[in-house]
Amino acid sequence: MSEATLLEKRGHRHVARTAFVAETPEAIATAAHPTAWRILVELGRAPDYPGNLARRLRLHEQKVYYHINRMRRAGLLRVVREEHGQGAPAKVLAPSAEAFALLLPGTGTAASGPAPLTGPLRAFLGEFEKDGVLDAWFVLGAPTPHGPFLTAARASPYAAQLGLFLGRYFGLRRGLAVKLDTEVKAEGLEKGNLILVGGPVANIVSLDLNPRLAVTFDWKEVWRLRSARTGKTYAEDTIGLVAKVPNPWREGAWILLLAGLHHSGTIASLLAVTDHGDALLKGYEGGELYRVVQGLDRDGDGRLDDVQVLE
């Protein structure tokens, strides 16, 4: 099966689903049986192992195993994890895609509006979307000296790169979506979805978040990035951090942090998201994310043009 994006119209907006396209009707024929269809739909609601699924559906376990084995051979189901207990490991199953489709010959119709969020990018940015628009404050460091380090943010203008990127996938919200870090602090707006640009030196909201991260900025001796996940430290000017974490000040909200040891590291984190998403999100399926990146100047013109993911 090949992969495609299915756009589902819901009122005035479109919702994207990753769909597997069957090359022959037989590829999805196993789901046509009423019992198989019930199993597929139920696993779409919540992945489970066959024994427990049989109890949920009040079906004989042997019948559930029969249809699951057929759908696994057809590629309609995948193992998401194994749970170990007494006896053999229990395989927890889920549909291998959010939708399945048959494509007929034809040219199709050109899509308009924002591009759909699919795959790892949807897992990465989905929490920041509501009704097709950006549901987050874009928080930039103030351009005047402020905070305990009395620093004027230098990387904030480069956040326009991220704005252009997000504009591909989100509609324009009403009013300004941008706040300075000083405004966020003064107005108590930390309790929501936030996209923070700049590290603790230039962005005081990032400074407040820093102690709660698994990869932290440390300035006790010299400025460096310290990873509790790997035990590594980084001190190069072009080191940046891309982190997506739950908002510690509000349950259910998320924070996306793009920050560097210096302004060049923040630029590296911006480039990682906008130009190197495949490498940045490799293997990512949702939830928390930490990526340490390093910006590179491949053509030697004094500007970063490439990014390497270090961890």
Side-chain angles (χ1 to χ4, degrees), residues 10-11 13 15-16 46 114 116-142 146-147 153 155-156 159 161-163 165-217 225 227-229 240-260 266 269-270 272-274 277 280-281 284-293:
R10 294 184 183 176
R13 67 189 184 103
V15 176
L117 288 171
T118 59
L121 193 61
R122 179 179 177 184
F124 183 51
L125 295 175
E127 287 89 353
F128 301 94
E129 181 269 341
K130 183 178 180 180
D131 295 328
V133 302
L134 183 69
D135 181 28
W137 285 112
F138 219 126
V139 184
L140 309 179
H146 68 293
S156 293
Q161 175 85 1
L162 182 63
F165 174 78
L166 294 177
R168 303 178 192 171
Y169 304 99
F170 298 97
L172 186 65
R173 62 182 286 182
R174 291 179 60 86
L176 291 175
V178 179
K179 290 279 186 181
L180 298 180
D181 57 344
T182 49
E183 294 174 320
V184 170
K185 291 288 291 182
E187 298 171 23
L189 298 176
E190 300 98 326
K191 298 179 180 180
N193 291 330
L194 304 175
I195 298 176
L196 306 180
V197 178
V201 173
N203 191 317
I204 56 178
V205 182
S206 300
L207 179 65
D208 289 345
L209 180 66
N210 187 57
R212 304 170 185 268
L213 299 173
V215 180
T216 57
F217 293 85
L225 200 63
S227 173
R229 298 157 61 87
L241 172 66
V242 178
K244 176 189 169 186
V245 297
N247 187 328
W249 303 299
R250 181 180 176 183
E251 185 177 356
W254 286 83
I255 294 177
L256 175 59
L257 173 66
L258 307 173
T266 298
S269 69
L270 290 166
V273 172
T274 62
L280 184 77
L281 301 178
Y284 176 70
E285 295 184 352
E288 281 193 350
L289 173 79
Y290 286 94
R291 294 287 190 268
V292 177
V293 301

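- The nearest pair of heavy atoms linking Leu257 to Gly198 is CD1-O, 3.9 Å.
- Between Leu281 and Leu289, some side-chain heavy-atom pair lies under the 4.5 Å cut-off.
- Pro211 and Leu207 get closest at one heavy-atom pair: CD-O, 3.5 Å.
- Heavy-atom minimum distance, Ala259 versus Phe217: CB-CZ, 3.7 Å.
- Of the possible donor and acceptor atoms, one in the side chain of Tyr290 sits under 3.5 Å from a partner among the backbone N and O of Ala214.
- Taking both residues in full, the closest heavy atoms of Gly240 and Leu225 are given as O-CD2, 4.3 Å, listed atom of the first, atom of the second, then distance.
- Atom-to-atom distance recorded for Thr266:OG1 and Leu140:CG is 11.0 Å, nearest 0.5 angstrom.
- Counting all heavy atoms, side chain and backbone alike, Ala136 lies closest to Phe128 at CB-CD2, 3.9 Å.
- Between Val197 and Ser269 the shortest side-chain heavy-atom distance does not fall below 4.5 Å.
- Partner of Leu196 under the side chain to side chain contact (heavy atoms under 4.5 Å, CB included) criterion, out of Leu256, Leu209, Leu258: Leu209 alone.
- Panel note: side chain Lys244, backbone Phe124; a donor-acceptor pair is recorded below 3.5 Å.
- Val215 pairs with exactly one of Leu241, Asn210, Val242 by the side chain to side chain contact (heavy atoms under 4.5 Å, CB included) rule, that one being Leu241.
- Between Tyr169 and Phe165, the distance separating the two ring centers is shorter than 6.0 angstrom.
- Note that CD of Gln161 and CG of Leu270 are 7.5 Å apart. Values are rounded to the nearest 0.5 Å.
- In this structure, CD in Glu285 is found 13.5 Å from CZ in Arg122, a value given to the nearest 0.5 Å.
- With a 4.5 Å cut-off on side-chain heavy atoms, Leu166 and Ile195 count as touching.
- When atom types are taken as modelled, the side chain of Ser206 and the backbone of Pro200 share no donor-acceptor pair closer than 3.5 angstrom.
- Using modelled atom types, no side-chain atom of Asn247 and backbone atom of Asn193 make a donor-acceptor pair closer than 3.5 Å.
- Between Ala153 and Gly141, the shortest heavy-atom contact is CB-O, 3.4 Å.
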- Could you go step by step and tell me if Val139 and Leu189 meet the side chain to side chain contact (heavy atoms under 4.5 Å, CB included) rule? CA-CA 10 Å; Val139 184; Leu189 298 176; over 6 Å; no

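- Listed by first and then second residue, the salt bridge (charged side-chain N to carboxylate O under 4.0 Å, His left out) pairs involving residues 176-186 are Lys179-Glu187, Lys185-Glu190, Lys185-Asp208 (not counting sequence neighbours).
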